[in-house]
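Only this structure's heavy atoms are used, side chains among them; waters, hydrogens and symmetry mates stay out. We count residues from 1, following the sequence as given.
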Amino acid sequence: MGKGFYISRTLAVVGILLAASAIAVIVALAVVYAREMDRSGGEPLPSEGSSAAPTVNHSTAAPSNPWNRYRLPDALVPSHYEVFLWPRLERDSEKDYFFTGNSTAYFDCVRSTDLILIHSHELSYTASGGFHAELRALDSASAPGIRRSWLETQTQFLVIELDDLLKADRRYSLHTVFEGKLADDLTGFYRSQYIDENGNVSIIATTQMQPTDARKAFPCFDEPAMKANFSITLVHKPKHKALSNMPAIRTNIITQDGVDWNVTDFKTTPKMSSYLLAFIVSDFISIDEELNGTSFSIWARRQAINEGQGNYALEVTGKILKFFESYYNVAYPLPKSDQIALPDFNAGAMENWGLVTYRETALLYDPKLSSNGNKERVVKVIAHELAHQWFGNLVTIKWWNDLWLNEGFASYVEYLGADHAEQTWHLKDLIVLSDVYKVFAIDALASSHPLSSKESEINSPSEINELFDSISYSKGASVLRMLSSFLSEEVFLKGLNSYLTEFSFSNTVYNDLFQHLQKAVESSSVSLPASVTDIMSRWTLQMGFPVVKINSQTGEISQNHFLLDPNSTVTRPSEFGYVWIVPITYMKQGGSDVNELWLNKKTETSQEMKVTGNQWILANINVTGYYRVNYDENNWKNLLSQLEKDHKVIPIINRAQIIADSFNLARADYRKTTDALNTTKYLTAEIEYIPWQAAFDNLYYITLMLDRSEVYGDMKNYMRQQTTPLYNHFKVKTENWTVPSEGHQEQYNEVNALSAACTYGLEECQTIAVNYYKQWMNNSSNNSIPLNLKTTVYCNAIALGGEEEWEFAWKMFKSATIATEEAKLRSAMACSKEPWILQRYLDYTLDSEKIRKQDATSTIGYIANNVVGQPLAWNFVRAKWNFIFEQYGGGSFSFSSLIDGVTKRFSSEFELQQLEQFKKDNEDIGFGSGTRALEQALEKTKANIQWVSKNKEQVHQWFIDATVKP
């Protein structure tokens with residue numbers, strides 16, 4: 001610990017307790033004195049050179065000055081923080097919810113400077129009689145005086161100009177006293193609330209720091225490479241529990257104005273980044289266990305814990321964490337692992353070291369109320385966040401341009417951790433649907449971006465937030481899965497272990513990982529056509545992916561940059577010319593062996609790719625490679641023939657691949673759309689989930705383009721024909737939809753069968769949905785709807801009903817005791833076909849008393865999914881954009897999904913003009929983290945216009961011809 005530690009903490013408490021009575025101050029000083037004596041070894045030192053700053057003013061400096069840049073200078077490096085925070089969870093007559101605090105930042109000067117830049121956002125420094133900062137030298141010298149200081153709001157700095165230089169190779173401390181709003185904006189140190197089981201409002205103070213909001217809680221060097229140790233102290237009522245990254249080491253009591261307060265100190269953290277900090281004050285309770293010296297706790301609302309909603313999370317957490325210890329071959333570095341379910345949380349979850357925060361839907365599960373899908377979400381999100389405890393927390397990216405290394409890795413190994421916890425679910429197969437195919441749709445756009453951007457391209461908070469997209473998460477996961485596959489898991493894990501070991505408690509760039517993997521390759525028998533860095537740089541430094549064309553007649557293999565709109569112009573140059581080093585796995589008809597070769601150039605020829613007669617070749621087995629595959633038409637014909645004759649000869653994932661690749665090749669003009677539709681004919685014999693889901697996902701695009709036209713009626717007829725056998729299969733298997741199927745994926749396909757049958761107008765299915773819902777309406781205390789079928793039943797009953805059905809859903813939504821049930825009802829209420837109901841529902845999203853802020857943008861998206869609600873949602877977003885942007889902030893993670901949701905049906909020149917006008921009208925307001933999503937929406941709209949013009953008539957005729965007449 002730095003010298004002067006005790007002195008600064010004493011001053012801290014004086015600052016925060018100025019309004020208290022003399023006795024309270026004396027007690028507080030005694031508490032802090034004892035605490036700091038413990039921490040500093042019992043040797044407090046005298047004051048060493050301090051100076052006070054004048055009142056804060058505002059800068060008019062030129063943009064060339066350091067404080068007008070978003071990145072910190074490299075002169076100062078933090079080593080330790082002392083942070084003291086006092087959140088007020090009760091509103092008084094004079095002030096809204098707020099917190100007061102003080103902090104001492106200890107830092108090393110590595111280059112002489114007369115300027116201190118430290119991040120600060122939405123903090124006030126004018127409490128307690130004016131702005132006050134104390135700069136101290138932690139050696140025998142005196143610190144420079146403070147000439148002037150101000151807040152630079154755009155770049156979010158507290159700027160302190162000094163009258164002399166800070167000297168290189170010396171240590172200093174900066175102490176500040178501040179106040180902040182405990183707002184409900186879901187960022188930084190913020191306020192969440194819920195209604196408890198007794199009908200009372202309960203307030204929580206909690207945090208979400210990633211990526212740039214630790215600066216909203218206290219002034220700090222808020223960049224991931226600026227790692228330090230943190231000592232946190234929280235003041236709270238005795239009825240509340242305080243949590244932070246590390247265990248509490250003591251709680252003392254102080255009294256102010258006759259009211260007792262607890263002062264809880266936490267053990268100092270290991271060296272870590274500021275965005276991983278967490279501190280929470282709440283009335284939550286926990287369930288706990290200890291495993292091999294690590295304590296595990298699940299925290300939530302008292303009612304949720306008492307109803308057993310945290311039991312499943314506790315059951316799997318220890319298994320998953322111990323799996324990752326074995327997987328990484330590195331011990332979990334903290335003494336405890338707390339996980340907490342928050343009523344209001346903007347992200348899905350956050351990997352704060354030792355105190356992981358979640359939306360309630362991502363951590364809580366009730367076997368009596370929640371579906372199979374809810375259970376999978378819990379185990380996968382827990383696995384994702386626990387994977388980060390090493391990959392992201394122990395070893396952290398240097399800057400956000402390499403975000404994919406954190407999020408892509410966790411998004412890949414979450415399947416491994418969840419698969420370990422639920423070994424009969426075959427979860428590892430689902431990455432193809434949930435990540436690979438999901439991100440292909442974005443990465444096939446000319447407006448996509450590489451996994452790793454140049455560091456200089458990512459500066460502002462909104463630019464950083466833009467990176468939290470499917471490229472960073474799902475493409476990152478997909479290419480790392482491919483890398484693990486061609487290296488072998490043994491080699492992959494060997495390199496991973498040496499990487500984590502060397503860079504523990506430090507920061508890296510992506511190539512550090514590749515170099516360690518290369519060392520593992522060199523000590524193994526694996527043979528590669530180039531180094532790991534050379535291979536993987538093509539997948540990380542250039543956007544997009546290839547389509548590999550195999551001519552089974554000549555053996556020629558070629559690759560091209562795959563773009564959904566072949567007429568679009570790629571403006572982002574690539575040093576590799578959009579050529580990849582591609583690992584190609586393949587099998588041939590009549591053989592079960594999987595072989596591999598590498599495509600290193602634009603075009604090559606291999607005799608291994610040739611087949612004769614009616615034989616076929618199948619490439620990219622189990623879709624381990626991040627690319628699409630095209631064939632000559634003869635090979636396509638032979639593959640379709642095989643599907644219709646005996647589809648089980650082809651692996652399940654590759655049956656999905658044949659469908660998905662065909663539809664996307666057709667969208668990109670490599671094939672005809674009617675050729676792609678032919679791949680759905682065999683589905684009357686298919687009962688596996690993955691191929692069916694791939695078909696629904698790809699037919700959804702045709703639905704979006706044509707469900708407002710005359711084509712949709714004939715499409716529904718064909719799809720009802722194709723899905724009825726699946727419906728009948730599960731009708732028998734589930735004893736008329738009363739007993740769930742046994743397998744995990746089988747249960748998913750059971751839901752698909754009922755949902756598709758209802759969607760495409762099978763009257764028997766719609767009657768089942770309506771009757772189930774009516775039974776519930778007649779006895780709201782007894783919901784007999786099968787758990788997995790709730791979402792389908794709710795949606796269809798509301799769509800087929802009217803105001804009465806919607807109002808019942810709203811009533812049950814408001815009284816739900818578990819968030820997963822709330823989520824199902826919130827989604828289903830968007831299925832109404834009554835425009836006035838949908839418009840009212842849109843208005844509800846502006847009122848956080850009706851729809852939580854965390855759920856507002858997704859609710860608008862649900863309404864936009866409804867063909868009736870889409871124009872209402874678009875007009876709503878256009879009219880309310882200024883309010884939405886201000887209410888949720890330009891850095892909201894959800895802006896990109898909001899823009900995508902309200903524009904994905906756009907397929908006319910008029911809609912394109914509206915979108916362009918929307919962009920023009922709001923240039924002054926901006927689009928924050930949705931900026932790239934807006935450009936992608938424009939690109940997709942142009943491609944959609946072309947697709948409809950080219951395909952509408954022939955697709956319409958195909959549906960007519962493919963439907964068997966009654």
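You'll find the ring centres of His516 and Phe503 inside the 6.0 Å limit.
Between Leu451 and Tyr510, every side-chain heavy-atom pair lies at or beyond the 4.5 Å cut-off. Looking only at side-chain heavy atoms (C-beta outward), Pro224 and Trp400 come within less than 4.5 Å of each other. Using a 4.5 Å heavy-atom threshold, the side chains of Leu403 and Phe468 count as touching. A heavy-atom distance below 4.5 Å is not found between the side chains of Leu355 and Phe279. Side-chain contact check for Glu315 versus Tyr365: every heavy-atom pair is 4.5 Å or farther apart. Between His240 and Asn262 the shortest side-chain heavy-atom distance does not fall below 4.5 Å. A 4.5 Å side-chain heavy-atom check between Phe284 and Arg302 finds every atom pair outside the cut-off. Side-chain atoms of Asp184 and Asp344, non-hydrogen and from C-beta on, never get closer than 4.5 Å to each other.
If you check the side chains of Thr357 and Asn352, you find a donor sitting under 3.5 Å from an acceptor. Using modelled atom types and a 3.5 Å distance limit, the side chains of Asp283 and Tyr194 yield a donor-acceptor pair. Judged by distance alone, the side chains of Gln339 and Thr317 do bring a donor and an acceptor atom under 3.5 Å apart. For the 3.5 Å distance criterion, the side chains of Asn507 and Thr396 fail to qualify, holding no donor opposite an acceptor. A donor-acceptor contact closer than 3.5 angstrom links the side chains of His384 and Glu407. Residues Arg215 and Ser274 bring no donor and acceptor atom of their side chains to less than 3.5 Å of each other. Neither side chain, Asp855 nor Ser858, offers a donor N or O lying under 3.5 Å from an acceptor on the other. In this structure, a donor-acceptor pair under 3.5 Å is absent between the side chains of Lys241 and Ser286.
Under the ring-ring contact (aromatic ring centres under 6.0 Å, His included) criterion, Phe218 pairs with Tyr81, sequence neighbours left out. By the side chain to side chain contact (heavy atoms under 4.5 Å, CB included) test, Ala823 is found to be paired with Thr361, residues two or more places apart in sequence or in another chain being considered. Lys336 is linked by a salt bridge (charged side-chain N to carboxylate O under 4.0 Å, His left out) to Asp338, counting only residues two or more places apart in sequence or in another chain. Listed by chain and number, the residues in a ring-ring contact (aromatic ring centres under 6.0 Å, His included) with Trp390 are Tyr328, Tyr332 (sequence neighbours excluded). Take Lys239 and apply the salt bridge (charged side-chain N to carboxylate O under 4.0 Å, His left out) test, not counting sequence neighbours, and it matches no residue. Not a single ring-ring contact (aromatic ring centres under 6.0 Å, His included) links Tyr358 to another residue, sequence neighbours left out. Residues forming a salt bridge (charged side-chain N to carboxylate O under 4.0 Å, His left out) with Arg481 (at least two apart in sequence, or on another chain): none. Ile818 pairs by the side chain to side chain contact (heavy atoms under 4.5 Å, CB included) definition with Gln309, Asp366, Leu369, Ser370, Thr820, Glu821, not counting sequence neighbours. In this view, Thr501 and Val330, Asn497 satisfy the side chain to side chain contact (heavy atoms under 4.5 Å, CB included) rule, not counting sequence neighbours. Residues satisfying the side chain to side chain contact (heavy atoms under 4.5 Å, CB included) criterion with Ser488, sequence neighbours excluded, are Glu490, Val491, Val526. By the salt bridge (charged side-chain N to carboxylate O under 4.0 Å, His left out) test, Lys438 pairs with no residue at all, sequence neighbours left out.
Remark: Lys824 fails to qualify as a cation-pi partner of Tyr794 under the 6.0 Å distance and 45° angle criteria applied to the six-membered ring.
Using a 4.0 Å cut-off between a side-chain N of Lys or Arg and a carboxylate O of Asp or Glu, Asp222 and Lys216 do not qualify as a salt bridge.
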Show which side-chain atoms of residues 739-746 pair as donor or acceptor with protein atoms under 3.5 Å away, not counting sequence neighbours.
unit_1: Ser741; atom_1: OG; unit_2: Glu750; atom_2: OE1; d: 2.9
unit_1: His744; atom_1: ND1; unit_2: Asn372; atom_2: OD1; d: 3.3
unit_1: His744; atom_1: ND1; unit_2: Asn372; atom_2: ND2; d: 3.0
unit_1: His744; atom_1: NE2; unit_2: Glu376; atom_2: OE1; d: 2.6
unit_1: Gln745; atom_1: NE2; unit_2: His426; atom_2: O; d: 3.2
unit_1: Glu746; atom_1: OE1; unit_2: Gly743; atom_2: N; d: 3.4
unit_1: Glu746; atom_1: OE2; unit_2: Lys733; atom_2: NZ; d: 3.3

